[in-house]
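Quick notes on the structure that follows.
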Amino acid sequence: MAAVASLAAVAVLVTLLVRHPANILTVGLALLCVLLATVAGTAVAALREQPSTGATPPGPPDAGPPVLDADTLDALDSAAVRAKLEELDDLRDR
């Protein structure tokens, strides 16, 4: 896409420089040249943003042992929290 748009933009630019049409066609060709250059730039930027082949796709890291958040701690009683923390410590020691 980027190659086609850039080649078309160059062709329109060469047409503008060689023919020098002095009417509304000049404005139309200039706008077309800008549009094609923008399409080419956007296509190149999109290619740069794609992950390279063989790389792992972005996503959440591998999850470790479950973690207690504040809402869970509020909902649990202290004995259950201590038991869960001991369980997590045992998992981390392995």
Side-chain angles (χ1 to χ4, degrees):
M1 174 75 99
V4 172
S6 60
L7 287 174
V10 168
V12 171
L13 186 61
V14 167
T15 303
L16 273 172
L17 294 175
V18 172
R19 293 203 54 210
H20 286 301
N23 54 13
I24 192 73
L25 184 60
T26 303
V27 174
L29 287 175
L31 288 173
L32 182 62
C33 184
V34 169
L35 177 68
L36 290 170
T38 303
V39 168
T42 304
V44 168
L47 285 174
R48 287 183 183 163
E49 300 248 340
Q50 287 182 348
S52 60
T53 57
T56 58
D62 293 337
V67 179
L68 293 174
D69 60 353
D71 292 332
T72 305
L73 290 174
D74 286 341
L76 296 174
D77 63 344
S78 59
V81 171
R82 274 191 232 108
K84 186 67 172 178
L85 288 174
E86 288 174 6
E87 178 185 323
L88 289 175
D89 286 339
D90 290 342
L91 287 175
R92 287 186 185 131
D93 290 340
R94 290 184 191 171

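Values below: all heavy atoms of this structure, side chains included; hydrogens, waters and symmetry mates excluded.
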- Value for CZ (R19) from CG (L25), rounded to nearest 0.5 Å, stands at 7.0 Å
- Could you state the interatomic distance from CG (D90) to CG (L85), rounded to the nearest 0.5 Å? 11.0 Å
Review item, side-chain donor-acceptor pairs of residues 8-15, under 3.5 Å, at least two apart:
from, atom 1, to, atom 2, distance (Å)
T15, OG1, A11, O, 2.8

- Query: Can you list the residues that meet the side-chain contact (heavy atoms from CB on, under 4.5 Å) rule with A2, with sequence neighbours excluded?
  - Reply: A43, V44
Please tabulate, for the side chains in residues 30-40, all donor-acceptor contacts under 3.5 angstrom to protein atoms that are two or more places apart in sequence or on a different chain.
from, atom 1, to, atom 2, distance (Å)
T38, OG1, V34, O, 2.8

